Amino acid sequence: MDGGRACASLCGHDESLVRGTSSAVAVALLDRLLVSGSDDAVPPGSAGDLAICDRDRLLAAIYRAVFGDRIDTRASCVHCDHPFELEFSLAALQDSLAGEDLAEGPDSSGHYRLADGRVFRLPSWRDEQAIAGLDPADARRTLATRCLVSGDPDADPAPLLAALERQAPVLDLELDARCPDCERDGVVHFDLQSFLLAALQREGQWLARDVHRIAVAYHWSHKEILDLPRSQRQLHVTLIEADMAARRRPA
Ligand SMILES: [Zn+2]
């Protein structure tokens, strides 16, 4: 999986816990899915310590494993309000975020160094929580202070913040999109974390049906069924439904 960190495959227990699209929900989901490994910097239960960009990469890997690389979303035109469909490749979107490095690193501690000698770390969920509710200017100042590891705390935070954005890009951005109706160019906001969690929550409505079908057919317990990886559970349901359809057909 991306970033060299392993994630277990999604099962019914994980899916049933996705309620909402906040970072707290994303962190809780990853905490369940992170598995211990020899070179694993982030053990299960520590997803809150992940840099936000690493969390995003893991969420992208989950999206790809569950739904594939294609993103299909709906947006409204900023000019004429006409709703339209937008589709793109998640991998291509991730590639488009790469650019020239604005800092040296990371070193063995995961820190980066600016040309003026300031050393900084990448922001995590803890930083996200600390700046929640602040006005944008305050939030940026606070983030720069929190992420500064060493160097002049009174230096201009702008280069540090620019380097943070470049070294730790997050899939929460404005995409260029042309309205098919009025044919004017506009932007569409896309945030992978919300998109993934909303998609999982929508799919979650089928979980009770899956559990019911398998329980009736195989007499497995609720826990045994929720323990199944999602793909295996869906395969069982497909087989059971094919069998039911075959039985309904007149001989
Ligand atoms: Zn339009």
Side-chain angles (χ1 to χ4, degrees), residues 2-3 10 15 18-27 29-30 51-102 122-123 125 127-129 131-144 157-159 161-207 230 234:
D2 298 23
L10 208 66
E15 290 171 85
V18 177
R19 295 273 179 273
T21 61
S22 69
S23 295
V25 175
V27 166
L29 177 68
L30 285 174
I52 297 169
C53 57
D54 290 337
R55 183 179 84 208
D56 231 37
R57 272 197 284 274
L58 289 172
L59 295 175
I62 292 173
Y63 183 87
R64 210 171 281 121
V66 175
F67 302 107
D69 183 59
R70 210 78 217 150
I71 301 262
D72 285 294
T73 185
R74 285 178 71 79
S76 288
C77 173
V78 289
H79 306 289
C80 71
D81 214 30
H82 188 84
F84 62 93
E85 312 273 337
L86 188 67
E87 61 163 63
F88 51 89
S89 149
L90 180 55
L93 182 65
Q94 286 180 289
D95 287 347
S96 74
L97 296 180
E100 201 186 322
D101 286 346
L102 294 179
L122 302 182
W125 180 51
D127 302 303
E128 214 178 331
Q129 285 176 300
I131 64 171
L134 298 181
D135 70 64
D138 248 359
R140 287 171 66 78
R141 251 195 315 277
T142 306
L143 187 66
L161 289 165
L164 275 185
E165 244 170 68
R166 177 56 57 81
Q167 308 304 140
V170 174
L171 291 163
D172 181 356
L173 36 97
E174 308 296 330
L175 304 174
D176 296 327
R178 171 163 290 193
C179 170
D181 202 47
C182 71
E183 297 189 331
R184 277 187 286 179
D185 291 324
V187 288
V188 170
H189 184 82
F190 177 75
D191 160 15
L192 175 73
Q193 175 174 294
S194 302
F195 191 77
L196 166 69
L197 294 176
L200 288 177
Q201 214 173 320
R202 270 197 308 278
E203 293 265 308
Q205 64 184 314
W206 303 111
L207 186 61
R230 183 177 184 277
Q234 290 180 332

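Keep in mind it's a predicted model, so treat the numbers as computed, not measured. We count ligands from 1, going down the list as the structure has it; atoms in each ligand are counted the same way.
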For [X], check side chain to side chain contact (heavy atoms under 4.5 Å, CB included) against everything at least two apart and list the hits.
| X | answer |
| --- | --- |
| Arg19 | none |
| Gln234 | Glu203, Asp210, Arg230 |
| Ala162 | Leu102 |

- Message: Distances under 2.8 Å only: what protein N/O/S atoms are near the Zn ion (ligand 1), ordered by chain and residue?
- Response: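 Within the sphere that stays under 2.8 Å of the Zn ion (ligand 1), the protein atoms of type N, O or S are Cys77 SG, Cys80 SG, Cys179 SG, Cys182 SG.
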- Are any of the side-chain heavy atoms of Leu10 and Val66 separated by less than 4.5 Å?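 SC-SC contact between Leu10 and Val66 confirmed.
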- Message: Please check this pair: side chain of His189 against backbone of Asp172, looking for a donor-acceptor N/O pair closer than 3.5 Å.
- Response: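 Judged by distance alone, no pair lies under 3.5 Å.
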- Task: Considering non-hydrogen atoms only, spot the tightest contact between Leu143 and Leu161 and give its length.
- Result: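 Looks like CD2-CD2, 4.4 Å.
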